[in-house]
Amino acid sequence: MPLLKDRYLQPEMTDPVMEENHVLEIVRAFVPEAKRVTKVDETGGEARMYAIDEDIIFKTQRPHRLRLSTSQAREVFYLKYLAEALPQVSVPRVLGYIKEGPMLEGTIMTRMPGTAVRYTEMSSEQRTAMLLEHGQAIAQLHSLDQKPFLKSGLFPNDEDAASLQERYATRFEAMLGRLGDTSDYEKDAARKLIEAVLAELNEVDCMVALHSNPYVEHTFVKSDKSYAGMIDFGDAYISHPVNDMRRWNSAERKTLLQGYFGGRQMSANFAMIWNITYSIDALTNMLSQQIQVSQVSDKAELLQWEW
């Protein structure tokens, strides 16, 4: 399955909040003891969450936000595979799944304990400990046998170096399109740097099923600020492992990498793609801060950028 574009497939659909009785009817088919809806939560994105009692989530696909790059069926597959192959990894557990035409798709799952990192104040020591454990958990995800993911046909797949180049180039162009205050001269300078960086990407020795965005909104900590786990696997795709670490800032991703390898040796190819990804994200960060990238004399300078 090739790189998927973010395009909503049925934007004309209505998006009603479900009545509590309807929610409970669906949930009780899988969890008979469910008592009441305690909260309705959404971020404005693809999903709406109905909290049931204290420990159950009914996650629905919002009909007008249906897109190919997000899939509840994909998330259900991933979570069930994890529950069977790596039960020690802390993720929600699937209790049920329904799909009834274009208007109703939903997953009943356990609630992740704790709070998202985005909404949690942590000391530097607590954050470092969380990142180290998060890196270990991401490494466990990536250790899974990849054949079931490929066989399922549910996962967009960067098959080779050319596919990964396309992903990075497409992502970077989309970012440039959002920079209305940046001159065409600076954008052209950025494109030349990216072209030089991507020219080095000629081989990939590892492709795995990624979480896609295990960042602060999808990474949870417990009340004592220790690591709890990850949620939201609906945007998962197959690509190089570094793409599961790239959203964190420069210092944080290095801590994640430390946890990820846990003393194991990084391959030369992994290091190359790590540097390529770092360079692209450094350039993106420079542009977002209105720094003149036309003054960057060489792509090697990008690896010195800290943010």
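Positions are given from 1, in the same order as the sequence printed here.
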Task: Derivation and outcome, salt bridge (Lys or Arg N to Asp or Glu O under 4.0 Å), residues Lys147 and Asp145 - done: CA-CA 6 Å; Lys147 292 192 289 292; Asp145 180 2; 3.2 Å; yes
TODO: For the residue pair Trp274 and Phe270, categorise the inter-ring angle as parallel (less than 30°), tilted (30 to 60°) or perpendicular (more than 60°).
DONE: parallel
Task: Backbone of Leu287 reached by a side-chain donor or acceptor of Glu186 within 3.5 Å - done: no
Open item on the list: Under the side chain to side chain donor-acceptor pair (under 3.5 Å) definition, can you give me all pairs with a residue in residues 189-198, not counting sequence neighbours?
Closed with: Glu173-Arg191, Asp188-Arg191
Open item on the list: Are the side chains of Phe58 and Val31 in contact, using a 4.5 Å heavy-atom criterion?
Closed with: no
Task: ring-ring contact (aromatic ring centres under 6.0 Å, His included) contacts in which one or both residues fall within residues 106-143, not counting sequence neighbours - done: His134-Tyr227, His134-Trp248, His142-Tyr260
Task: Steps toward side chain to side chain contact (heavy atoms under 4.5 Å, CB included) verdict (Tyr50, Ile26) - done: CA-CA 12 Å; Tyr50 299 85; Ile26 292 169; over 6 Å; no
Task: Reported NZ-to-OG1 distance for the pair Lys225 and Thr115, which is rounded to 0.5 angstrom - done: 9.0 Å
Task: Sub-4.5 Å side-chain heavy-atom contact between Met18 and Leu104 - done: yes
- [ ] Using the test salt bridge (charged side-chain N to carboxylate O under 4.0 Å, His left out), find all partners of Asp232 that sit at least two apart in sequence or belong to another chain.
- [x] Lys59
Task: Check: Ser267/Asn269 side-chain N/O donor and acceptor closer than 3.5 Å - done: no
TODO: Please round to the nearest 0.5 Å and tell me the distance separating atom CG of Leu302 and atom CD1 of Ile194.
DONE: 7.5 Å
- [ ] Mark yes when over 12 heavy atoms from residues, nucleotides or ligands other than Gln265 sit less than 6.0 Å from its CD; otherwise mark no.
- [x] no
Task: Pairwise side-chain contact, Ile276 with Glu200, heavy-atom cut-off 4.5 Å (strictly under) - done: yes
- [ ] Output the distance between atom CD (Gln61) and atom CG (Asp15), rounded to the nearest 0.5 Å.
- [x] 9.5 Å
Open item on the list: Could you check whether atom CD of Glu121 has more than 12 heavy atoms from other residues, nucleotides or ligands sitting under 6.0 Å from it?
Closed with: no
Task: Close side-chain approach of Tyr78 to Leu141, heavy-atom, < 4.5 Å - done: yes
Open item on the list: With heavy-atom distances below 4.5 Å as the criterion, would you say the side chains of Ile280 and Leu198 are in contact?
Closed with: yes
Open item on the list: Would you say OH of Tyr185 has more than 12 non-hydrogen atoms from neighbouring residues, nucleotides or ligands within 6.0 angstrom?
Closed with: no
Open item on the list: Treating Ser226 as the side-chain partner and Lys222 as the backbone partner, does any N or O pair qualify as donor plus acceptor under 3.5 Å?
Closed with: no
TODO: Give a yes or no on whether the backbone of Leu154 and the side-chain of Arg74 come within a donor-acceptor separation of less than 3.5 Å.
DONE: yes
- [ ] Determine which pairs satisfy salt bridge (Lys or Arg N to Asp or Glu O under 4.0 Å) with at least one residue from residues 249-266, sequence neighbours left out, and list them in order.
- [x] Arg127-Glu252, Arg253-Asp281, Lys254-Glu306
Open item on the list: side chain to side chain contact (heavy atoms under 4.5 Å, CB included) for Asp158 and Met207? Distances and angles first, verdict last.
Closed with: CA-CA 8 Å; Asp158 291 341; Met207 293 289 199; 3.9 Å; yes
- [ ] Determine whether Arg171 and Arg246 make a side-chain contact, defined as any pair of heavy atoms from C-beta on separated by less than 4.5 Å.
- [x] yes
- [ ] Check the pair Thr255 / Leu132 against side chain to side chain contact (heavy atoms under 4.5 Å, CB included), numbers first and verdict last.
- [x] CA-CA 6 Å; Thr255 304; Leu132 287 171; 3.8 Å; yes
Task: Atom pair CD1 (Ile108) and CG (Leu95), whose distance is rounded to the nearest 0.5 Å - done: 7.5 Å
Task: Under 3.5 Å donor-acceptor, Gln290 side chain and Ser288 backbone - done: no
- [ ] For the residue pair Asn243 and Leu164, establish whether any side-chain heavy-atom pair is separated by less than 4.5 Å.
- [x] yes
Task: Separation of Leu193 CG from Glu301 CD (nearest 0.5 Å) - done: 9.0 Å
- [ ] Look up atom CG in Leu176 and atom CG in Leu283, then write down how far apart they are to the nearest 0.5 Å.
- [x] 8.0 Å
Task: Glu125 backbone acceptor or donor facing Thr128 side chain under 3.5 Å - done: no
Open item on the list: Within the structure provided, determine whether Ser250 and Tyr278 are in side-chain contact (heavy-atom separation under 4.5 Å).
Closed with: yes
TODO: Go through the steps to decide whether Glu54 and Arg111 satisfy the test side chain to side chain contact (heavy atoms under 4.5 Å, CB included), and finish with yes or no.
DONE: CA-CA 8 Å; Glu54 298 297 323; Arg111 181 188 180 278; over 6 Å; no
- [ ] Please report the shortest heavy-atom distance between Pro214 and Met230, naming the atom on each side.
- [x] CB-SD, 3.9 Å
TODO: Please list all pairs passing the side chain to side chain donor-acceptor pair (under 3.5 Å) test where one or both residues lie in residues 16-39, with sequence neighbours left out.
DONE: none
Task: Pairs involving residues 79-99, ordered by first then second residue, that meet side chain to side chain donor-acceptor pair (under 3.5 Å) (sequence neighbours left out) - done: Tyr97-Glu105
